[in-house]
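Step one of this worksheet: look at the structure below.
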Amino acid sequence: RLDLRAPFGAPNNLLELDGEVFFTSIDDRTGFQRIFQLDDSGSTATRLALPGIPGVPVELAALGSDIGVIAFSTGVPQVFRFTPGAQPGSESAATQLTFFSASADTGSLTRGGDGEIYFTRTEAASGRELWVLDDLVPGGVRLVQDINLEPAPASYFPEQVVAVPRPGP
């Protein structure tokens, strides 16, 4: 049993990937939320340095053998990706995948059954919409479909994104 309350503050976003456990938590040394990897003994965790993620990570998701992170960069939530190592400290530098210029609620990062990486983003003009990473378009991201043709009041948005397989012929 690992007591994640100290020195980690408030552990969140538990993620198992290839037998390794990752989570976000408040780092007591800095007071900021950071990404940690549980050590092999299961009794301690190490903060990952992760150059390339300049701001606070708020969500983790398994993206194949990589980890996707939603984190703030200059006050705007962006999507990043890094390859974890078998031991803390052997992870790759993170790569920024989105380059939004305006802040908006961003979340529900997931890898779909088609291998694509999806997330939701809520903007005042369009409401909560489903987005996909797409390196074939300028900016590397596109709206999947304008689902909310008339954005609902600010207090109502669809809350869950679930990946489901396409029905067979």
Side-chain angles (χ1 to χ4, degrees), residues 1-2 4 7-27 30 32-74 76-100 104-122 128-145 159-168:
R1 179 173 169 262
L2 175 62
L4 294 178
F8 304 113
N12 211 346
N13 298 302
L14 289 168
L15 173 69
E16 184 276 330
L17 183 65
D18 297 330
E20 299 293 326
V21 176
F22 302 85
F23 61 95
T24 59
S25 186
I26 302 297
D27 183 345
T30 65
F32 294 106
Q33 182 151 301
R34 297 292 182 229
I35 300 171
F36 292 83
Q37 182 175 357
L38 196 62
D39 295 327
D40 288 341
S41 67
S43 60
T44 60
T46 302
R47 187 185 112 186
L48 304 183
L50 288 174
I53 298 181
V56 176
V58 294
E59 186 175 316
L60 302 178
L63 305 179
S65 60
D66 291 345
I67 294 179
V69 179
I70 295 177
F72 285 86
S73 176
T74 61
V76 177
Q78 305 289 355
V79 178
F80 297 83
R81 176 184 216 146
F82 74 94
T83 303
Q87 297 296 322
S90 61
E91 65 278 353
S92 70
T95 302
Q96 187 170 337
L97 302 176
T98 61
F99 297 89
F100 291 109
D105 182 37
T106 305
S108 301
L109 186 63
T110 190
R111 182 172 183 240
D114 58 2
E116 299 290 342
I117 300 168
Y118 297 93
F119 60 96
T120 59
R121 185 167 165 85
T122 306
R128 181 169 285 172
E129 298 286 2
L130 185 63
W131 293 77
V132 63
L133 296 177
D134 185 345
D135 58 3
L136 300 177
V137 299
V141 64
R142 65 179 166 78
L143 184 65
V144 172
Q145 180 178 347
E159 292 298 323
Q160 302 294 322
V161 173
V162 178
V164 295
R166 287 192 174 126

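For the numbers below, each heavy atom of this structure counts, side chains included, while hydrogens, waters and symmetry mates do not.
With sequence neighbours excluded, the residues forming a side-chain hydrogen bond (donor to acceptor under 3.5 Å, both in side chains) with T98 are Q78, listed by chain and number. Scored by the side-chain hydrogen bond (donor to acceptor under 3.5 Å, both in side chains) test, E91 finds no partners at all (sequence neighbours excluded). For R121, the salt bridge (Lys or Arg N to Asp or Glu O under 4.0 Å) partners are E123, not counting sequence neighbours. The side-chain hydrogen bond (donor to acceptor under 3.5 Å, both in side chains) test applied to E20 returns Q37, not counting sequence neighbours.
We find the OG-CZ distance between S25 and R34 to be 11.5 Å, quoted to the nearest 0.5 Å. For the atom pair S73 OG and I53 CD1, the distance stands at 10.0 Å (nearest 0.5 Å).
A donor-acceptor contact under 3.5 angstrom links the side chains of N13 and T24, judged on distance only.
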Can you give each donor-acceptor pair under 3.5 Å made by side-chain atoms of residues 55-72, sequence neighbours left out, with the distance rounded to 0.1 Å?
from : atom 1 : to   : atom 2 : distance (Å)
E59  : OE1    : S108 : N      : 3.1
E59  : OE2    : S108 : N      : 3.1
E59  : OE2    : L109 : N      : 2.6
D66  : OD1    : T83  : OG1    : 2.7
D66  : OD2    : R81  : NE     : 2.8

Quiz: residues 130-140 side-chain donor-acceptor pairs under 3.5 angstrom, not counting sequence neighbours:
from : atom 1 : to   : atom 2 : distance (Å)
D134 : OD1    : L136 : N      : 2.9
D134 : OD2    : R142 : NE     : 2.7

Does the side-chain contact (heavy atoms from CB on, under 4.5 Å) test come out yes or no for V141 and F100, once each step is laid out? CA-CA 9 Å; V141 64; F100 291 109; 3.9 Å; yes
What's the verdict on side-chain contact (heavy atoms from CB on, under 4.5 Å) for V21 and L15, showing C-alpha distance, side-chain angles and the deciding distance? CA-CA 6 Å; V21 176; L15 173 69; over 6 Å; no
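Counting non-hydrogen atoms of other residues, nucleotides and ligands closer than 6.0 Å to CZ of F99 gives a total above 12.
Contact record, F22 with P84: CZ-CB, 3.4 Å, taken as the closest heavy-atom pair.
Using cut-offs of 30° and 60° for the angle between ring planes, the F36 and F23 rings count as parallel.
Residues V144 and Y118 are in side-chain contact: their nearest non-hydrogen atoms beyond the backbone lie under 4.5 Å apart. Looking at heavy atoms from C-beta onward, F80 lies out of side-chain contact with T95 at the 4.5 angstrom threshold.
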